[in-house]
Structure formats: C-alpha cells, structure tokens
Amino acid sequence: MDKSRFLEISDVRKSYGEGESAQQVLRGMSFTVAKGEFCVILGPSGSGKSTLLNIMGGIDSADSGYISINGDKLKDMDEKTLTNYRRKHLGYVFQLYNLIPDLTVKENVEVGAYLSDKPLEIDELLKTLGLYEHRHKLPNQLSGGQQQRTSIGRAIVKNPDILLCDEPTGALDYNTSKEILELIESVNQKYGNTVIMVTHNEAIQNMADHTIKLRDGVVRKNIINTNKVKAVDLDW
Amino acid sequence: MKNPLNTRIFRQLRANMMIYAALFVMLTVVIGFISGLFVANGSMEAAAANAFTDYNIENGHFELEDEIGDLREKINSEGITVYDQYYKELSEDIGNDGTEDAVVRLFIVRDEVNMASLMDGRIPKEKGEIVIDRMHADNIGIKTGDTITVGGTSFTVTGLIASSDYSTLYRKNTDTMFDAITFDIGFVTADQFDALDGRTVWQYAYKFNETSDKNEKDAAEELAEKIAVLAATGGITDNKDTAEELSDIADEADILSDKADDLEARADSLEAEGDKLKEHADALESQGNKLKMRGEALEAEGKELEAQKAMLEQKGTELQERAAAAMALMESDPVAASAELEKIQSESDVLTVKGEELAEKAEDLQKRGDELKAESEALEAKGDELKKESDELEARGDSLQKEADDLEAQGDRIKERLNEIGVEDTDALENIVTNKLTDFVPEYANQAIHFAIDDFGSDKIMCEYLLIVFVIILAFIFGITAKNAVRKDAAVIGTLRASGYTRTELTIYYVAAPILVTVASAILGNILGYTVLKNVVADMYYNSYSLPKFVTLYSSEALVKTSIVPVIIMSSVTVFMTAYKMRLSPLKFMRHDLSSSKRKKAVRLPKWKFLNRFRTRVFLRSIGDYLVMFVGLTFVMIMMCFCLGLPSTLDNFIKKSGEFVIADYQTVLTSDKDEDDNEIIPSNGEKFLMTELQTVSKIKDGENITVYGYIPDSRYIDEGDLSGNEVCISSDYAEKFRLKTGDVIELKEKYSSDIYTFNVGKINEREGTLAVYMPMRSFEETFNDDDILTGYFSDEPLKGVDDEYIAKVLTAEDLTAMANQLKHSLGNYAKYFSVIFLVIAAALLYLLTKQIIEKNSTSVSMTKVLGYYNSEISSVYIRTTTVCVIIMSVICVYLGSVLVDKLWRAIMTDMSGWFTFNVNISDIFLSVGGTVLVYLLIALADMNRIKKIPMTEALKNAE
C-alpha cells in the first residue's frame with residue numbers, strides 16, 4: 001500500500017436539506033494524506049471542514065465520492081465495521097473536549113484505553129500529559145487546557161492510526177493553545193500517528209507537513225510544507 | 001405582542017409525545033378511577049345516609065331469651081319504641097339437591113323499621129313466596145322467579161332486596177367478616193313465618209323516641225343496661241342499683257321464706273303435738289271423770305255403809321239397851337228376859353252378821369277406795385305430766401310465736417325496702433316472669449349497617465392518599481422531564497435570558513406542558529369518572545355490599561381533590577424544580593454548566609474493572625432518578641404485595657381452616673337443662689363451657705373474646721398445666737393485643753362492669769379466633785352460672801339433642817366463610833389491580849430509564865464516536881439500571897411486604913377479630929418477577945433508544 005495515499009478523499013460531496021433549501025457543504029473534495037503526516041485543514045466558518053472531519057471519522061457519510069483509509073473505503077463498511085474502524089484506527093480531539101463529565105481524568109482516559117488491545121500505560125501517559133496529579137478530578141474541576149489534554153490522552157491512549165482534531169485550540173487562550181499544539185506535535189512524532197487537524201488558525205499550518213485550504217466546500221489549496229516550524233515557535 | 005414561546009409549548013408536547021402521552025393516560029385513568037370512586041362513593045354514601053330516614057333504620061336491636069311479652073311496655077317506657085324483628089335461621093337449598101347451600105335468616109316482611117329497598121321483583125304477598133338479599137342472590141346465581149328450598153319448604157323468589165340493616169351480610173356482629181355466600185336474609189309473610197319450623201330468635205329493633213344530648217355510645221350502653229335489668233327483673237325496675245337491691249331483697253326474702261316455711265313446719269308439728277296432748281288430756285279427763293264417778297259411787301256406798309253402820313250401831317245400842325233391860329228383867333222376869341235375851345241374841349247375831357257383812361263391804365269399799373285413790377294418784381301423775389308437756393308445748397309455741405314475730409318484722413322491713421324502691425308488695429316478686437338479654441347491638445356498632453359506609457370513608461381516604469402520592473410521583477417525573485428539557489435547551493435558555501427573557505417567562509414555558517397535561521387529565525378523568533368509571537366503582541361496591549339504589553350526585557369534593565389538588569401539586573413540584581434550575585446565570589446555561597454545586601469532587605471508587613467503575617459513575621450521576629424509582633417501586637410493591645398477597649392469604653387460610661377449629665363440630669346449647677329440668681346429655685361429644693367477654697385494653701377496648709372451659713384430659717383442648725389464675729390464649733389474640741406468656745389480661749362482662757383478670761400461662765397455635773382457654777373447674781369458679789353457655793365438641797354432628805336446644809353449630813366452614821367472602825369480593829379484583837400496578841411500575845420504569853438515558857445521551861453519543869459497540873454502551877447504561885431495578889425490586893418488595901403487614905395490622909386492629917396477612921414467597925417472586933420482566937421489555941426498548949442516539953449529538957452538545 002502506498003503510504004502517501006494512506007488517507008484518500010476522492011470527490012466527496014455532501015449536502016444538507018432537501019429541494020430548494022438544500023445546501024451543498026462539500027462540493028467534490030479530493031486530496032490524500034500520507035501515513036504519519038501532520039495535516040492541517042484550514043478554512044473559514046462554513047467551508048465544510050468539520051463536515052469533512054465527521055465523514056472521515058465515520059460519524060457522517062458522504063452523498064457521493066469516497067474516503068478510504070489504508071485502501072478501505074468507508075462507504076463500503078457496515079455499521080459494525082465502521083464502529084470497529086473508529087475503535088481501532090481513530091482518535092478524536094474536539095474543540096469542546098467532549099469528556100464524560102462523571103468520569104475522572106483517569107477514567108476518561110480509560111474510556112479510550114478500553115477500546116485497545118494494547119493501550120499505552122495510563123499513568124505514564126498521564127504523567128506525560130501533566131495530568132497525573134489531577135487524575136482523580138472530574139472534568140469540571142479542570143481548566144480548559146487540562147480538559148483538552150485529557151481529551152488528547154483519551155484519543156492517543158489506544159495509539160490510533162489517525163488522530164482527528166476538530167479545532168482543538170478553538171476554546172483555549174494563546175499559551176494553552178501552544179501547549180496543546182506542542183503536545184499534539186510530540187504525540188505525532190513519538191507515536192507516528194497521522195494527525196488531521198481542522199482549524200481556522202492559519203498560523204498552525206506552519207507546523208504541519210501538509211495543509212489543505214478549503215473554501216465553500218472545495219479544496220482551494222493543497223500545500224506540502226517543506227519548511228515547517230516547531231509548535232513552540234508558532235506565533236499569531 | 002404575544003410571547004413567541006407560547007407557540008412552542010405544543011411543539012414541546014409533540015417533542016416529548018411518548019412521555020406526555022404515557023403520563024396523560026396514567027393520570028387520566030387514575031384521576032378517572034378516583035373521581036369515579038368519589039362520585040360513586042359520595043352518591044352511595046348519600047343513599048346509605050338517606051336510608052336512615054327512607055328505610056327507617058333502627059337505632060339498635062337486642063335479643064331476648066324469650067318472647068318480649070309484657071316487658072315491651074316497660075322497655076318502651078325507656079324512651080324508645082320496640083319493633084318486632086324476630087327471625088328463624090333455616091337452611092337454604094338452591095337447586096333442591098338436598099344440600100345446604102347457605103343459611104337464610106328469615107324475617108316477616110317489615111313495614112315499620114329497617115325496611116328493604118326492592119332491587120328487583122315484588123314483595124311476598126302469600127305463602128310460598130320469598131324475597132332474598134340481592135348480593136347473595138348474585139353470588140349464588142339466584143334470580144327473581146327462581147325456586148329455592150328454605151327449611152324444607154319450597155319458595156318462589158318474588159324479588160331481590162337490599163335490606164337497610166344488612167348492607168353487609170354479617171351473620172353475627174362479632175364475626176370477623178361478612179359472608180354473602182353462605183349467609184342470606186329473606187322476608188316472608190307472617191303466615192308463612194308462623195308455618196315454618198325452627199327456633200325463633202327473639203330479636204327486637206328499637207328507635208329512640210327523641211334525640212338525646214348524650215353521645216350515642218353512652219345512650220346505647222345506658223339502654224342496654226336498662227333492658228338487661230328490666231329483662232332480669234321481669235320489668236320491675238330498670239335501675240341497676242335497684243335491681244341489685246332487689247336481688248339482695250329477693251335473696252333475703254328467699255331466706256325469710258325458707259325460715260317461714262321452717263317455722264310453719266315446726267308450728268304444724270307443735271300443733272300436732274298439742275293435738276296429741278289434748279287427746280291425752282281428754283283421755284285423762286275421761287278417766288278422771290270415771291274415777292270421779294266411781295269415787296262418788298264409793299262415797300255413796302260409803303255413806304250408805306255409814307248409814308247402815310249407824311243403823312247397826314243404833315240397833316246394837318238398842319240391843320244393848322234391850323239386853324240391859326232384859327238383864328235387868330232377868331231378875332224380874334228371867335223368862336221374858338231369857339226370851340228377850342234370846343231374841344236379842346238372835347237379833348244380835350243378825351246384827352253381827354250384818355255388821356260383819358258391813359265390815360266386809362267397808363273393807364271392800366276401803367279396798368276399792370284405795371284402788372280408786374291409786375288410780376286417782378296415777379291419773380294425777382299423768383295429769384301433772386301432761387301439764388308439764390302442755391307447759392313445754394306452750395313454751396315452744398311462745399318461742400315459735402316470737403320467731404314468727406321476728407319473721408314478720410323482717411318481712412315488714414323487706415316490704416318497707418320494696419316500697420322504698422317502688423315495689424308495692426312482695427307478691428310482685430313472686431309473680432314476675434324473668435327474661436334475659438342475650439344480645440344488644442346499637443346501630444353505631446352494627447357492622448352489618450356500618451361496615452359498607454365506613455368502607456366508603458376508608459376507601460376515599462385511601463384513594464385520596466393514593467392519588468396524592470401518585471400525583472407527587474408523576475409530578476417528580478414531569479419535573480424531571482421539564483428539567484431534562486431545560487438541560488437540552490440550555491444554550492437557547494442562556495441566549496433567551498441574555499436577550500432579556502425573564503426567569504418567570506421561561507419557567508412558565510417549561511412547566512406549561514406538564515400542567516396542561518395534568519389539566520387535560522383532570523378534565524378527561526373527571527368526565528370519565530362521572531360517566532363510565534363511576535359505574536365501574538359502583539359495580540365493585542355492589543359486588544361487595546348489599547346497597548340500595550343510588551342517584552349520581554355532583555361532588556365538589558371529587559372536583560377539588562381530583563382536579564384542583566393534582567394541578568396544584570403538579571404545578572408546585574414542577575415550578576419548584578424548574579424555577580430552581582432557572583436561577584442559574586445565562587452564561588452557565590450557554591456553557592451547558594447546569595450543576596448547581598460549585599465544583600463537586602469525584603467519589604473515589606475501589607480498583608474495580610473499568611466498566612464497573614463506569615457503571616457506578618452512571619449510577620451516581622442518576623442517583624436522583626434512582627431514588628425516585630425506589631420510592632415509586634416501593635409504592636408499587638406495597639400495592640402489589642397487597643393485591644397478590646390477599647388472594648393467596650385467603651387461600652392459605654381456607655386451606656388451613658381445618659387445623660384451626662377445635663373440633664369438627666362445636667355445638668353450643670341454649671340451655672344445659674331441658675323443659676323438665678333434666679340435664680341435656682348428648683350421646684356423643686365432649687362437654688365444654690363457654691362465655692363471651694370483652695377486652696379492656698389500650699390497643700382495642702371492647703373486642704369480643706370467647707372463653708372456653710375444658711374438661712381434664714380433654715381430647716380437643718390440651719393446654720397442659722395451668723396453675724392458679726393462669727389461662728391459655730389463642731395465637732391470634734396474642735398477636736392482635738401483643739401479648740406474651742406472663743402478661744396479665746383484663747376482660748370484662750359485656751353488659752356489666754365486672755372485670756376478670758388472668759395471667760397468660762400459655763399461647764397456643766390456634767388461629768382464626770380470639771379465645772381464652774381454661775380448665776373447667778377454674779371456669780366454673782370464675783364465672784356466674786347465668787353467663788355460662790354449655791356446648792359439646794364432637795367429630796360428628798351432635799346426637800341425642802333436640803334442635804330446639806341447639807343455639808349454634810360451628811364448623812370449619814363457618815371459619816372459612818369470612819375468607820370465602822373476601823376472596824369472592826376482593827380476591828378477583830386484587831388480581832386485576834396487581835396487573836394495573838404492574839402497568840404503573842412499567843410506566844414508571846419506562847419514564848425513569850428514559851430519563852436516565854436521555855440525561856446521558858451526550859455521553860452515550862460520545863462513546864459511540866469513540867468506537868464503543870451498542871452492546872457495550874447498553875451494558876454500561878442499561879445494566880446499571882437493570883442491577884438497580886433487580887436490587888430495588890427485592891428491597892422494595894421486602895419493604896412493601898413489611899409496610900403491607902403494618903397497614904394490615906392497623907386495619908385489623910380497628911376491625912373486629914384478627915386475620916394475619918401473609919405475603920407468600922410465590923407472591924414475592926411474582927412481584928419481583930413481574931417487575932423485572934416488564935423492566936426487561938423496557939430495557940429492550942432502551943437498547944433500541946441507545947442505538948438511535950446519533951453520534952452528532954456529542955458534537956452538538958458538549959457537557
């Protein structure tokens with residue numbers, strides 16, 4: 001399998017609503033992402049980046065076109081296979097963290113660990129994330145950054161092939177955002193996960209291997225970044 | 001401008017269609033049923049209350065041992081009017097197959113007091129016609145026009161009635177429960193009544209002539225005492241003290257009478273002795289007279305002898321003079337003198353002979369005189385003796401006279417005392433015809449009249465509480481639904497609040513739907529209550545009680561309690577719960593942070609497997625819902641235990657009834673002696689003595705207790721060694737009055753203030769009766785003969801005793817009569833109700849599990865996004881609830897059984913008798929099993945619900 005076509009998006013279209021009120025969100029989107037690549041999808045609000053991420057995650061489905069992971073097309077998968085796909089290959093990081101409010105930090109990470117046959121060592125991971133001393137706290141006892149770190153811990157504890165990040169810094173301040181980006185960068189480097197990050201922060205493209213710029217449901221630019229910078233050096 | 005939120009209320013209703021529809025149906029059915037119950041209850045209560053005037057219900061009735069006779073006038077003078085209400089109890093044979101199907105209490109058609117409501121047909125006009133109780137007829141399957149055999153006589157049933165004094169068919173007021181299956185009442189014409197064989201029970205109804213200021217209990221007790229006294233004194237007095245005085249006087253009079261009889265006997269004996277003495281005296285007098293005559297004859301003879309002696313002496317003198325002269329002459333004329341001398345000699349010889357004869361006669365006379373003297377002396381001695389006897393007799397006579405004077409004086413004193421208490425003379429004492437009050441039941445204490453009416457009240461109270469509890473539970477569910485809607489709409493609420501909408505406006509919007517549903521339920525429920533369900537409830541009452549016809553009355557109470565109260569409760573609870581949430585700031589809403597506490601800490605859990613900890617967290621998050629579920633299930637289980645426990649308890653009681661009876665036949669005699677005063681001795685059976693007393697207890701005063709006296713080595717009651725004042729009591733008595741061995745019990749006479757105290761020496765295992773058992777000797781020493789009934793225990797019907805001497809026969813069937821009736825009237829409904837409560841349990845579980853899942857829907861969605869299988873998610877969210885439901889069902893059924901037992905004990909303490917409520921293990925299993933089963937069906941729906949939660953939910957709503 002060609003590692004450069006690990007993730008293939010081919011002429012993906014998606015619209016919401018019917019008839020005259022139908023709104024086309026994705027209008028035939030195509031690009032590929034290589035395995036282990038840090039890919040940033042940039043675009044303004046309404047450009048279709050979150051919809052694309054949801055389709056990639058098997059949460060939503062495309063009206064036409066396809067997305068394939070490692071050669072497996074998502075549209076050919078039944079519900080159980082899709083679940084297994086998410087279970088085995090995907091990790092999610094959301095803008096609003098989406099932690100389970102009644103579980104502690106450690107338990108939220110365990111939510112992800114449970115899905116893997118070979119999860120990472122949790123306490124070790126918590127220490128890496130700087131959450132070990134907070135492991136018995138509930139999400140509402142944490143700061144935004146700590147919650148997002150927990151969310152990342154939950155996503156990477158099962159060491160997924162693909163880490164889907166939907167505006168992971170969207171709700172965070174500058175410094176915390178940089179911490180989170182550094183963390184994702186280190187995860188990408190340490191575990192070799194393919195990272196797909198949706199954001200409207202153009203500065204983040206500088207730390208990516210690959211940038212896809214969207215507007216009105218189509219790919220406007222597909223840029224391979226040969227001069228990427230470290231997250232710590234980002235500024236906006 | 002109209003508030004735009006108002007237009008969304010119906011959208012909200014549509015959005016939660018299933019929940020609101022389920023709540024609406026449940027609330028409507030419950031309100032409808034309870035409204036129907038209030039309406040039917042109120043209407044029937046009014047009909048029952050009107051029956052007191054419409055059918056002239058008695059103020060009470062009493063039974064006498066014999067016909068009332070002249071006593072009526074005396075009793076009537078106590079300010080009451082006495083009405084004949086005597087009856088005969090005869091066997092009722094339906095189908096004429098020779099078996100006794102029931103006992104019918106037969107009266108003469110009444111037209112003055114306790115009149116009957118004719119439910120169907122017509123009143124009997126001639127012989128061979130009968131009307132019987134409508135409810136009994138329904139139970140047995142008799143219709144107007146059918147033929148039944150009563151007391152061996154064939155009757156045509158001309159109609160069915162509801163007698164105002166038998167709205168519940170209690171055979172005896174002391175019975176634990178009514179029995180409309182094996183007991184019936186009927187009315188026939190007077191001619192027909194007289195023509196029927198059977199012992200007449202002299203029952204009389206009474207009505208007070210004027211209303212009294214006294215409370216009815218005091219008035220009834222006073223009247224009972226007066227009737228008892230009047231009956232016992234043959235109408236001489238109605239005063240108890242006077243009666244006791246009279247009794248003392250009668251005792252004294254008896255003693256006096258005995259003394260007088262003794263005196264009379266002694267006087268008769270004295271008189272006989274006097275007569276005998278007189279005879280002796282007469283004989284002596286006769287003898288004396290004879291002696292006197294003989295004495296006089298002797299005296300006459302003596303006088304004659306004296307005269308003869310004198311004449312002889314004179315002659316002798318003359319002869320001496322002549323001899324002297326002759327001697328003188330001798331010289332002168334010896335011849336003449338000799339001749340003279342010879343002549344004198346001759347004459348002297350004659351004279352000598354005569355003298356000798358006279359001497360002999362004198363000697364004889366002397367002898368006879370001596371004899372006479374001796375006889376006279378003997379007679380005199382006898383006379384002296386007789387005189388002595390006579391003197392003695394006189395002295396005894398004097399003594400008797402003195403005693404008689406004393407008796408007379410005592411008699412006078414008794415007369416004076418009699419006069420003092422208003423009795424004119426002692427003849428009244430001798431001529432009175434005494435009777436005996438054997439039963440007295442004032443109207444207020446008559447279960448046959450009051451049970452149904454009281455049941456109306458208790459039903460209303462019970463249903464009122466039931467409705468309130470039910471509405472509160474539903475209000476919490478509505479409240480949780482509203483809260484859930486608030487949680488779902490958190491961002492919108494935050495925005496609206498930030499835009500200037502007030503808390504009140506938003507609160508009204510969120511509580512509007514539950515309140516509208518409640519109002520709609522109340523309206524529809526009341527419509528159903530006044531129309532369809534009223535009849536359902538009425539049919540239930542008609543199935544249990546023999547009630548007169550009723551007219552539906554509007555009930556403001558029903559309207560308030562089934563409409564306004566539920567709406568107020570619903571509004572209060574939902575407004576409180578919603579408004580409490582609404583106090584949060586708009587920002588918190590917009591951030592979906594609806595926690596009321598600041599930053600709550602996580603509970604530290606043991607090192608369980610992850611999923612178990614996850615489930616525990618889910619449980620802790622939804623603990624409020626689980627608490628509501630616990631309360632709701634406890635409520636449901638109480639009702640389930642009652643509904644399922646009642647039929648099986650009754651079945652169990654019926655099955656075990658054979659063990660409860662002392663003997664297969666327990667025959668009580670009207671008297672232990674027959675008309676000729678000979679003791680009645682049957683050819684079989686074991687004698688026992690019996691009396692009825694009443695409790696003196698804080699738990700319940702005046703409960704009837706049967707006291708048995710058993711013979712030594714009894715075959716039927718063997719209570720071992722009981723010393724002194726010790727008695728054995730039945731287990732039900734011990735249970736009802738919370739007695740244990742060593743306790744002291746006090747029992748009093750029914751119609752007097754005599755109190756007996758016993759020590760509980762033993763508690764036997766005999767159920768189904770409130771009784772005291774004691775050896776016969778102790779029994780006889782303790783109780784007055786007048787209050788003792790004699791009876792016989794036997795394995796077969798008692799032989800050799802005329803029916804007229806048999807007061808009653810108790811068999812196992814009599815014990816089960818109550819249970820049979822309850823089974824018939826309540827047992828079947830109980831099963832239906834258990835299904836209804838199972839449906840309520842299902843609805844409760846459905847709503848709460850739905851709430852729990854909806855509350856966790858974002859988390860559920862998130863776990864889906866993360867790649868959890870639906871089965872895994874269900875195992876987290878549903879298994880937690882499943883375990884909770886199973887554990888709760890077990891705990892709640894236990895609580896339910898305990899609470900039902902307590903409830904039942906409270907009910908039974910107020911009622912007569914005792915009946916232990918048993919919730920069988922099978923009922924427990926059925927309750928738990930039924931609940932778990934319906935839950936499993938709900939769980940299937942919940943699994944589907946989880947399956948349907950979209951993954952996008954987590955992306956839209958982060959918690």
Side-chain angles (χ1 to χ4, degrees), chain A residues 16 50-51 53-54 57-61 79-92 94-116 119 122 134-142 144 147 151 154-155 157-158 160 164 166-167 171, chain B residues 487 491 588 590-605 607-623 855-873 875-877 880 947 950-959:
Chain A
Y16 293 105
S50 287
T51 303
L53 199 73
N54 287 345
I59 296 170
D60 209 345
S61 58
E79 195 183 324
K80 192 174 178 184
T81 317
L82 262 179
T83 303
N84 272 330
Y85 157 70
R86 285 197 302 275
R87 190 181 182 101
K88 299 293 176 194
H89 303 292
L90 297 187
Y92 269 100
F94 297 98
Q95 180 181 0
L96 294 174
Y97 332 124
N98 289 70
L99 297 173
I100 295 174
D102 305 297
L103 300 185
T104 61
V105 167
K106 188 176 179 181
E107 285 162 349
N108 263 294
V109 175
E110 282 180 291
V111 169
Y114 176 80
L115 300 171
S116 172
I122 294 171
H134 303 296
R135 67 191 183 283
H136 297 306
K137 287 182 179 172
L138 292 174
N140 66 2
Q141 294 174 280
L142 301 176
Q147 288 190 61
S151 173
R154 181 180 65 187
V157 71
K158 62 180 180 180
L164 298 176
D166 187 3
E167 299 273 13
Chain B
R487 192 178 48 77
K588 284 195 102 177
M590 281 191 277
R591 286 178 179 169
H592 288 264
D593 180 11
L594 302 189
S595 58
S596 49
S597 60
K598 292 289 177 188
R599 295 218 162 195
K600 62 175 181 182
K601 283 184 179 177
V603 177
R604 294 286 283 273
L605 297 175
K607 290 184 177 176
W608 294 335
K609 284 183 178 176
F610 167 66
L611 283 186
N612 289 337
R613 277 182 284 131
F614 197 169
R615 290 180 189 116
T616 309
R617 297 286 181 203
V618 169
F619 169 76
L620 291 173
R621 181 178 198 193
S622 304
I623 200 157
K855 188 185 272 185
N856 290 289
S857 62
T858 308
S859 298
V860 169
S861 173
M862 191 60 220
T863 51
K864 280 188 176 186
V865 169
L866 294 176
Y868 276 74
Y869 300 128
N870 285 329
S871 57
E872 286 171 331
I873 300 168
S875 87
V876 170
Y877 289 95
T880 305
K947 203 173 165 185
M951 283 183 276
T952 49
E953 169 111 10
L955 306 181
K956 286 183 207 158
N957 305 308
E959 290 183 85

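Throughout, a chain's letter reflects where its sequence line sits, starting with A, and its residues are numbered from 1. Just so it is clear, the structure is predicted and the values come from calculations on it, not from any experiment.
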- Step by step, work out the side chain to side chain contact (heavy atoms under 4.5 Å, CB included) result for A/Asp102 and B/Val618. CA-CA 7 Å; A/Asp102 305 297; B/Val618 169; over 6 Å; no
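- Under the side chain to side chain donor-acceptor pair (under 3.5 Å) criterion, A/Thr51 pairs with no residue at all, not counting sequence neighbours.
- Heavy-atom pairs under 4.5 Å with chain B peak, among A/Leu90, A/Val111, A/Thr104, A/Asn54, at A/Val111.
- Taking OG1 of A/Thr83 as the start and CE of B/Met951 as the end, the distance is 6.5 Å to the nearest 0.5 Å.
- Taking the six-membered ring where tryptophan is involved, the planes of A/Tyr114 and B/Phe610 are tilted, since the angle between them lies from 30° to 60°.
- With sequence neighbours left out, A/Gln95 forms a side chain to side chain donor-acceptor pair (under 3.5 Å) with no residue at all.
- Contact count against chain B (heavy-atom pairs under 4.5 Å) is highest for A/Glu107 among A/Lys137, A/Glu107, A/Glu79.
- Of the atoms belonging to B/Ser861, not a single heavy atom falls under 4.5 Å from chain A.
- A distance of 7.0 Å separates CD1 in A/Ile100 from CG in B/Leu866, rounded to the nearest 0.5 Å.
- Taking OG1 from B/Thr616 and CG from A/Leu103, the interatomic distance works out to 10.5 Å, rounded to the nearest 0.5 Å.
- Salt bridge status for B/Glu872 with A/Arg87: present, with a side-chain N to carboxylate O gap under 4.0 Å.
- Here CZ of A/Arg154 is found 4.0 Å from CE of B/Met862. Values are rounded to the nearest 0.5 Å.
- More than 12 heavy atoms of other shown residues, nucleotides or ligands fall within 6.0 angstrom of atom NZ in A/Lys88.
- The part of B/Leu605 that comes within reach of chain A is its side chain, from C-beta onward, which places non-hydrogen atoms under 4.5 angstrom from that chain.
- Under a 3.5 Å cut-off, the side chain of A/Arg86 and the backbone N or O of B/Lys864 do form a donor-acceptor pair.
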